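Owing to the predicted nature of the structure, the values given are computational and were not obtained by experimental measurement. Below, chains carry the letters A, B, ... as their sequence lines are ordered, and counting in each starts from 1.
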Amino acid sequence: MIQIFQIIEEASRGSKFYNHKKQRQEKIDERIRRMLELKDSFTPEQITRAEAQMDALTAQLEQSRDLSRFIVHVDMDAFYAAVEMRDRPELRDVPMAVGSNSMLSTSNYAARKFGVRAAMPGFIGRKLCPQLVIVPCDFEKYRAASQLVQQVMARYDPDFSMVSLDEGYLDITDRVATEMDGDTGDQTEDEVAQRLVGEMRAEICRLTRLTASAGIAANGMLAKICSDQNKPDGQFFLPRERPAVLDFLRELPVRKVSGIGNVLSQQLAALEVTRCGELLERRGLVRLLFSECTQLSLMRAGLGADPPGVGRDEDSHQKSVSTETTFAATADSAQLSELLGELCQQLSEDLRRKGLRGRTVTLKLKTSSFVVRSRATTLAEPTSTAAALLAATRPALARELSAGEPLRLLGVRASALVAAEGAAGPRQATLTEMTGRAAAPRHECPVCGRTAGSLAELSAHVERCLDGEAGGGGEQNGGPVGGQKRPPAPHSGLPRTKHKRIDSFFTAVKRS
DNA sequence: ATACATACC
DNA sequence: CACTGGTATGTAT
């Protein structure tokens, strides 16, 4: 076990990735040191008072604790790897992972014995396990398998919600009640719920030849933790009673709670909080050291008191759309600029396909030393055109490039989204709607609102507009904008080499 | 509002 | 040699 850590350490030591990770960790350590200093300055009275204040919060959470629902979290076991093993018997008994040399999405259980994990680069996986077989992602297959899983889930709760291809939540309370109305012998509600989930998993297995694990509890937060308890091919039921919930959580590592990640769990560990029960014991410190938002989620984690919804929020809408790509680091501005054009084109297509426009456009970049930066621009009007996206990001790229450091990633994001004209989805009444007048098909500058005669003219104008060159010039408000045309971006010659393009997700595994 | 950080899969 | 991509949200300014 200690070997695994050593091999990983050796494989990455001295690399830019490793150095960056180390620097980030030093920042975290520093933040923790400051936190502990602050902690040492608290008087016992301060802490007692903070505890009392926290008791008010926990009382409120207890008040609203809802134990009336049966929430189920279904999680497919080593999903992508399982699909590949199902379809290729020769992979069944060998350590294998799905992904690429630069990144693994998931590994099978044979590979996990060697320490090969999701989110690990393939080349390190091979160091840990030289026999490791790495299979490229085949999302069509995973989507098809996921569809079958969803067919089954829909029969138990038509309002189920998926988190990703391999994981989703159901509320089977109504289904259990219906079942209880029939002849269930002397089965209790709890037993019926567990039987139904067992049947659901069996159906999933019959239909897909893939195994699923499941958790059954009063809310999603708990159900998710439970689905991990008897993995793979198992399920775990947590009785919907306050004492059972508190007992279950008391010794549970905080890291198991969704939302408590690497950094927060380090901070908590520094306060000698590693189990959920300790979150309650040290509630005074939680109160004094964390933001209100974090206090709330930590008390929820300690009590297991989370709202029971399964995320089927009617008025929740997508907040952002983005696309990004990693490549062999370069500082060549012509190449990067062309790549940016392609990304804007891609994002434009994605936005149109989803019937959305964004008012805020953000350029994301990562330097060769893994430092991530972002530069945002908010436009006067939301857009989905590649030209406007490019105009909003290109100047920022130019500015960042002047620093001289090569880049290894570029990305473009649209946020502050609004539904495009005539599309369903999140809406924001437009001026033309409010005045009841139909919009003429015009080429309007998203920055200043002026009209261009053609798309090409618009593209050129918008860029200058954003650069601030068009403002004081001869253009008149409302009039057509002129300007030189920018040649369309041909395919960029940037090597996308070592990092092909894996639309990866992490599957199944989380912490070891 | 912007930038950066954290978290999830 | 080599460490992803997409979305949401929290924290800080």
Side-chain angles (χ1 to χ4, degrees), chain A residues 8 11-21 24 27-28 31 75-76 79-80 98-106 117-127 137 139 142 146 162-168 224 255 257-267 290-297 311 313 316-329 343 346-347 350 354 359-366 368-379 396 408-417 496-511:
Chain A
I8 295 173
S12 32
R13 194 182 304 138
S15 70
K16 289 183 167 173
F17 178 83
Y18 180 84
N19 291 148
H20 179 254
K21 201 173 114 179
R24 223 177 24 181
K27 262 190 208 162
I28 295 167
R31 218 202 310 171
D75 196 345
M76 299 300 294
F79 188 48
Y80 302 165
V98 177
S100 73
N101 204 37
S102 59
M103 189 50 58
L104 302 179
S105 284
T106 188
R117 291 281 186 291
M120 176 181 279
F123 69 90
I124 289 183
R126 283 213 176 88
K127 288 225 157 96
C137 286
F139 279 93
Y142 313 147
S146 181
M162 294 303 282
V163 176
S164 60
L165 288 181
D166 76 322
E167 179 184 341
K224 171 142 174 96
R255 191 64 173 80
V257 177
S258 181
I260 302 184
N262 172 43
V263 176
L264 184 53
S265 58
Q266 283 187 54
Q267 289 179 297
F290 295 98
S291 72
E292 211 165 327
C293 190
T294 307
Q295 292 169 32
L296 180 63
S297 58
D313 204 348
S316 94
H317 55 282
Q318 188 165 13
K319 304 290 194 304
S320 71
V321 184
S322 68
T323 184
E324 67 186 53
T325 185
T326 294
F327 42 83
L343 287 166
Q346 176 68 51
L347 181 59
D350 291 351
K354 292 168 185 264
R359 205 161 82 83
T360 300
V361 185
T362 306
L363 173 76
K364 175 181 172 181
L365 53 86
K366 196 190 284 180
S368 58
S369 48
F370 290 86
V371 175
V372 176
R373 277 198 269 272
S374 66
R375 295 290 174 254
T377 311
T378 296
L379 311 174
R408 70 180 338 269
L409 172 145
L410 280 183
V412 188
R413 175 167 67 248
S415 53
L417 300 179
R496 210 78 49 95
T497 62
K498 325 181 173 169
H499 330 265
K500 228 355 191 187
R501 186 183 174 105
I502 20 166
D503 295 20
S504 79
F505 309 126
F506 301 175
T507 311
V509 264
K510 208 169 155 170
R511 31 250 167 201

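- No engagement by A/Arg413 is indicated, since no non-hydrogen atom pair under 4.0 Å with the nucleic acid exists.
- Among the atoms of the strands shown, only primed sugar atoms or phosphate atoms (P, OP1, OP2) are found under 4.0 Å from some heavy atom of A/Arg31.
- Considering all non-hydrogen atoms of both residues, A/Pro121 and A/Leu104 come closest at C-CG, 4.2 Å.
- The separation between A/Lys364 atom NZ and B/dA3 atom C1' is 13 Å, rounded to whole Å.
- Distance A/Ile28 CD1 to B/dA5 C1': 9 Å, rounded to the nearest Å.
- Of the two residues near DNA chain C, A/Ser15 and A/Lys319, the one whose nearest nucleotide lies more 5' is A/Ser15.
- For the pair A/Lys16 NZ and C/dC3 P, the computed distance is 10 Å after rounding to whole Å.
- For the OP1/OP2 pair of B/dT2 and a distance below 4.0 Å, the side-chain nitrogens and oxygens of A/Arg373 include no atom meeting the criterion.
- Contacts of A/Arg24 with the nucleic acid, taken as non-hydrogen atoms under 4.0 Å apart, are absent.
- Listed pair A/Thr378 / B/dT2 meets the phosphate criterion, a side-chain N or O lying under 4.0 Å from OP1 or OP2.
- Applying the side chain to side chain donor-acceptor pair (under 3.5 Å) test to A/Thr294 and every residue at least two apart in sequence or in another chain returns A/Ser291.
- In this structure, CE of A/Met76 is placed 15 Å from C1' of B/dC9, rounded to the nearest angstrom.
- Within the nucleic acid shown, A/Ser12 comes within 4.0 Å of at least one base atom, counting heavy atoms only.
- When the nearest nucleotides of DNA chain C are assigned to A/Leu409 and A/Ser320 by heavy-atom distance, the more 5′-ward of the two goes with A/Leu409.
- If you take CG on A/Asp75 and CG on A/Asp166, they are separated by 5.5 Å, rounding to the nearest 0.5 Å.
- Here the P atom of nucleotide C/dG6 and the CG atom of A/Leu347 are 10 Å apart, to the nearest Å.
- Distance CD (A/Glu324) to P (C/dC3): 14 Å, rounded to an integer number of Å.
- Atom OG of A/Ser368 is separated from atom NE2 of A/His20 by 11.0 Å, given to the nearest 0.5 angstrom.
- For A/Ala376, the listed nucleotide lying nearest its side chain is B/dT2; candidates were C/dC3, B/dT2, C/dG6.
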